[in-house]
Amino acid sequence: MKARSFKSYWEKFGTLAIFIVMWGVFAVLAPGSFATAGNFVQIITQSATIMLLACGEFFAILLGGIDLSIGSVAAFTGMITAKLMVEGGMNPFLAVLLGAVLGGALCGFINGTLINLTGVHPFIITLGTQSVFRALTLIISNAQATFGMPKAFTQIFGGLWNGIPMAVVIALVVALLCWFVTSKLTFGRNLYVMGGNRDAAWFSGINVKQHLLMVHTISGLCAGICGAVMAARLGAAEPNTATGAETEAIAAAIIGGTSFFGGKGKVPNVIVGALILGLISNGLNMCSVPTFYQNLATGLLLIAAVSLDQAVSRKK
Amino acid sequence: MKARSFKSYWEKFGTLAIFIVMWGVFAVLAPGSFATAGNFVQIITQSATIMLLACGEFFAILLGGIDLSIGSVAAFTGMITAKLMVEGGMNPFLAVLLGAVLGGALCGFINGTLINLTGVHPFIITLGTQSVFRALTLIISNAQATFGMPKAFTQIFGGLWNGIPMAVVIALVVALLCWFVTSKLTFGRNLYVMGGNRDAAWFSGINVKQHLLMVHTISGLCAGICGAVMAARLGAAEPNTATGAETEAIAAAIIGGTSFFGGKGKVPNVIVGALILGLISNGLNMCSVPTFYQNLATGLLLIAAVSLDQAVSRKK
Amino acid sequence: GSGGGQTTETTEPAATEEAAEETTETTETTETADAAAEAESTGDTYTIGVLFKTLSSPYWQLMQSGLEEQVAQLDNVTIEIFGAESEEDLTGQLNLMENMITSGKYDALCVAPITPTNLISGVVMANEANIPVVNIDEKFDMDALAEAGGYVVGYATSDNVAVGEMAAQEIMNQFPDGAGVCIVEGIAGATSGELRRDGCRDALEAAEGYTVLDVQPGDWDRQTALDVATNMINKYGDELDAIFTANDTMAKGVLQAMINTGREDIFLVSTDADTEVQEAIAAGQLIAVVQDPGGIAFSCVEQAVAALESGNYGSVDEQPEDVLIPATVYTQDNISELMGTE
Amino acid sequence: METLVEMKDIRKEFPGVVALDQVSFDVKAGEVHLLLGENGAGKSTLMKILSGIYTPTAGTIVMGGQEYPALTPKKSKELGISIIYQELSVVNELSIAENMFVGKLPTKKLLSFLPVVDKAAYMKQAEEAARRVGLKKPVNTLVGDLSISEKQMVEIAKALVENSKLLVMDEPTSSLTEEETKNLQNIIRELKAEGIGIVYISHKMKELREIGDRVTILKDGKTVATKEMSEIHSEQEIISMMVGRELQSTFFGKEEVVYKPENIIFRAEDIRRKDKKTQGVSFELYKGEVLGVAGLVGAGRTELMNAIFAGESYESGRIWLDGKEVRIGTPYTSIKNGIAMITENRRETGIFPNFGIKENLVLVNRLLKSGWGGFRGMIHDRQDQRIAEQEREKMQIKCSSLSQLITELSGGNQQKVIVGKWLAADARLLIFDEPTKGIDIGTKTEMYKIMRSLAEQGVGVIMISSEMPELLGICDRIMVMNQGQKKGILDKSEVTEELILQTATM
Ligand SMILES: Nc1ncnc2c1ncn2[C@@H]1O[C@H](COP(=O)(O)OP(=O)(O)OP(=O)(O)O)[C@@H](O)[C@H]1O
Ligand SMILES: Nc1ncnc2c1ncn2[C@@H]1O[C@H](COP(=O)(O)OP(=O)(O)OP(=O)(O)O)[C@@H](O)[C@H]1O
Ligand SMILES: [Mg+2]
Ligand SMILES: [Mg+2]
């Protein structure tokens, strides 16, 4: 009985424990620059965009699929949102609603529809739309950054609010919603069911196509919001932003204990997974590790973090 | 009986049919420059390195896993091979044997060992080693290209032989070996078993860990050979070469009908999958499609190719 | 600055040893936070943080080595150089800059943003922390910067458009009666590559008799450039007289394509020249418009030191003057000058 | 007779459960040793220890004069033990032939040094084995395209080609009809004569007497008794050792069903499938009756019901429920309209391996309660718990707690969870496809009671079954199918096993 409860604790808090251990290690290595309150806020802020992307990716992976297009979607929606404000003179909130929220959801909807219609594995479909959305971004922007958004926008989506970065607030609100959806709603539980055994889910009356469509729409939605946050944070919508961000988002989800085969994982742990990634790169910066050695260390720490998790949770 | 035989024909030759259809489309669009014998050879040559990588990746995917490190491994082994010759004055064949063949196999062996030891999904392990091998390449080369390899090397691994590009010859020999291994050897057949149902494989006494180790070693080996071929073809070992090549290799394997869930796929089709990718980028060049629109078209053609395959094979 | 740097302990021998070890290992001049604090108090040595686009490409490598060489001759300045993982890692670079500011180690920053806008919020953060910022190579979009309330105290570059124009001029010199030209640009959307491309293309199109046959992306990659150039050569055949590439890595791929197809008669103009390209130039295989990255970066460091010494850290209202470090055309005839300096 | 293997004082603990406690078990050459017990008694666990999948907590295995504290699958194979697992472990992506030779493909020497797979050799052997077990599909067919009963025959053939000394069969006939079962019994007799020792696990009482030489009965992980078959005088004796009490007869007094049009609950008309596995079947179901469906393997019973319930390969035909026409669609639309179906393939279409018993039990119920096709609606933990408790009670599920993972249950208990899940769905029409597969005799009786009482409450009940006694025992009418066609409907007053077979082959 003891063993059982340790296992369930580790399942809940294992990722957090790893985060704390890593933080401790860096704090010892670079006490002056790393282990400060300001830097802690910095780590969270820098992880905010990956958190947003990871939330969406989590849904895709939960079904045993994947979404490779989220980086491109973020760039695309960021660009649209910015253009709506800068060239269309639109109110920031309306622009975010149309460009980021609706735009992102639409991109995801397209992914989901294509997957359902063609029956092709999400990897290939979203690899294709990754190219497509990036190309569309480059085309509408002519590869130029768009800037000059209203202060209201950059402040509300990328600024500080009583010293708390808005990017973090938004990421946490989105994460909270995702956590609610996956753990409290029938819809969310259906996703775990589908991830565990899709055929059985179908025979039990779950409309798997509708659910998959919804999942990719959510994934696109999160990426869309991330696009707006990125644009606000940078003060400009960059056409080449978030290239390769999907890999980081996937890594965050997996570090957070999400199973690649689907049906297993929890939003809070995914958030901590994103924090671990942010922690690693911040920590290595703060220790003044030379650039190439940072890559080396990132790879090793990534493996170490997930192996540690696996080792502890297998032990009991 | 009729339907069945169509299905099994399509399974064998479907990818090829798609290649031919696409070739036809481009031939109509750009008859003068695209539809020439010379350009056909060109397409094959340009696909050779992806073929090599895709062969290795195929093994990893066959087990239901993945290998994200192959691009980095190719860069790493290419660099070592070049350095052995240029700085160590080693005989080209010995250098290729040590640097590319043994080096690549060793990288793959490390991947496999880590996966077996930690029990972590290959995605994370090879994502980690992707960083690590790239970092090692940058460190040993200080981010500088190594050049000045002996003519013998560049000729034999990257030159022409009676008008036939050696890169293609090597890729096809490797592919032939891989085909032989997967379709004729007990070892290869066991991989299909493992990919289809790992428990069943273990129940029937197959040593799954050994097989996995071997698979990643082969994957690394193919990447290693690719590294040497790339260096020979370019006349230099570039530290940043093959970045993101794993995505293309995966795409080639999937286009070639390999199942992401493991247990399904054939080497010849993977080779054609690589050719389709080469065809798309060559065709778009030849049609002088503007830069941004190339990304767009690549994405759409990728989706189209795989959807077509799926649609036809599901029909019957 | 905030964060670190408040500690005023004297430097312990162990720490210096560590620092020395790191230096030899990484060829970077490093300094501990303690030492920086000490420097601040005495007021005559400065630690400057330098942030490049990336360190894993020849151009930035050249800039690094050139800069380190020249800074070594100053005895009151130490530098630490960083770069993003790749030239596509926009937010990664911003994170790095923020971390450099938060660490409190640096008296001034010299940064080369990957795009004209991706580091703007970093500059604003540095301004708020009262750290002067100098702009290297890739120019900030000054309107966007001013709008965000940020400012830099200095800027040095070589003019990328001018680089393209110089290449076009060389092509026109070589083929006075007109020519067909192909351009291999960088990765889609990369600014410096686009400016070089535009400079070259516009200059050629403005002149009588010159046609730009094709512009294709080489993704800054040698193999892609090899494939793209081969396709170009096959497609345009004799129409094709000259190729311009937006960097030296791609030039090497194009050169290989020319050799493979037996079209060594094509007049190839590269941007920049690493050692490998220099040798090829010496062999008469191509020419190159070479920028002076080390000079650019060093000028930036000098501007940063000047700012620190004068105490003028700039403001939103003043725009720094562009310091243009000229690019030079190197051919078989004068390449020995460049090779001597290496 | 020589003792092939001896398992001594085996103990096996899982977290929170003692699955086996001080169990000793041996098998002699040329005997069939029956291993019996209720669901969750520990039969499969004991056999998995023998095949090397599980490591015993205590105890030893003696084989060939050697004593082993534990085996591995590989070692077990080498010792000549082969096993047909209760949960099928075929590889869907491979052909029948390759499945039979998983891990033991014959090789020949290429250029006299390179061992390559000898396809001709294994194809030939595979054909032979397929013929022997009565598998009619060509051996290069993908196993993924087979029905579950055919897959089970593949598993049997797979064990046959191993030429082992000891053969363990863990419910080999759970998906087979009488025909195939008879065939298997003949094979077992042949193997016995060759001196092979066989362990046979089954819940089908009828088979046991015919082939068993000795019997060991487990209860709650402990040995109740090991006896010679000759010492056993009746089925009842075995049952009472297994269950620990006498059981009532499995036959029920049935109510009089009034076959009048206004009493029709469900009607299907001319159902046809695109793949021709159902060729125009019509039938109706009357209030108060349980309709049985009988047929040989491949008769197309599963296919008919799948077409109705899931729209699988559906081509044409119409259905009415309670006099209202219902469109044939997906399981989702069917369930919404009050039609439920318990599928026969537990592992592939039944269980949710990443969930506990509770979630598995309440899934469909919860889905029906949520709006918008399951999109809306919250999880209500206490309510779920209550429903799950009820179902556990009803189905006599043996588990340590409702939050235990379903994959940790014994095969029969998993089946009970699946049936429970559908009972909680409050459907108007319930289609059971081999519902008692792997369920022990005690619970079977309970299930029959449930089916009868559902019918009495006016719910339509259809049961596909390959066990003749249970069809005869609880059904009011039996529809007999063969080759995708209805061959006739037999009333309880006239039906006998012979008549069913006769009708099927008409
Ligand atoms: N992996 C496991 N983890 C935890 N408990 C398990 C596991 N496997 C089996 N058990 C438990 O061990 C006991 C014996 O299970 P076993 O599968 O051997 O029963 P069985 O006799 O084969 O029953 P059935 O007739 O239903 O197949 C059961 O209580 C079951 O819940
Ligand atoms: N006439 C036939 N000849 C050969 N194969 C057939 C024929 N009719 C059906 N089959 C095959 O038999 C299978 C029919 O499914 P299945 O065996 O599940 O039917 P069933 O009546 O439900 O029997 P059971 O459930 O007992 O297995 C299918 O795989 C089908 O291809
Ligand atoms: Mg069992
Ligand atoms: Mg059936």
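Just so we're on the same page: letters track the sequence lines, and every chain starts at 1. This structure is a prediction, so every number in the text was calculated from the model and none was measured.
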Residue of the set A/T129, A/T217, A/N116 for which side chain to side chain donor-acceptor pair (under 3.5 Å) holds with A/N111:
A/T129

For A/A297, is it the side chain, the backbone, both or neither that has a heavy atom under 4.5 Å from a heavy atom of chain B?
neither

Is the backbone N or O of B/V73 less than 3.5 Å from a side-chain atom of B/R134, with the two atoms forming a donor-acceptor pair by type?
no

Run the side-chain hydrogen bond (donor to acceptor under 3.5 Å, both in side chains) test against A/T146 and tell me which residues pass, sequence neighbours left out.
A/K83

Max heavy-atom pair count under 4.5 Å with chain A, selected residue of B/T298, B/I254, B/D309:
B/I254

Can you tell which of A/L114, A/L296, A/L301, A/L302 has the highest number of heavy-atom pairs within less than 4.5 Å of chain B?
A/L296

Is the backbone of A/G119 close enough, under 3.5 Å, to the side chain of B/Q310 for a donor and an acceptor to pair up by distance?
yes

For the candidates A/N295, A/L300, A/I125, which exhibits the highest count of non-hydrogen atom pairs separated by less than 4.5 Å from chain B?
A/N295

Ignoring hydrogens and angles, tell me if any N or O in the side chain of A/T241 forms a donor-acceptor pair with the backbone of A/E238 under 3.5 Å.
no

Between CG of A/N240 and OG1 of A/T137, what distance do you get to the nearest 0.5 Å?
9.0 Å

Spacing of A/I255 atom CD1 and A/L308 atom CG [to the nearest 0.5 Å]:
12.0 Å

Contact origin within B/F261 toward chain A - heavy atom pairs under 4.5 Å:
side chain

Residues of residues 53-68 of chain B contacting chain A, heavy-atom criterion under 4.5 Å, by residue number
none

So, the side chain of A/Y293 versus the backbone of B/I139: is there a donor-acceptor pair under 3.5 Å, distance only?
no

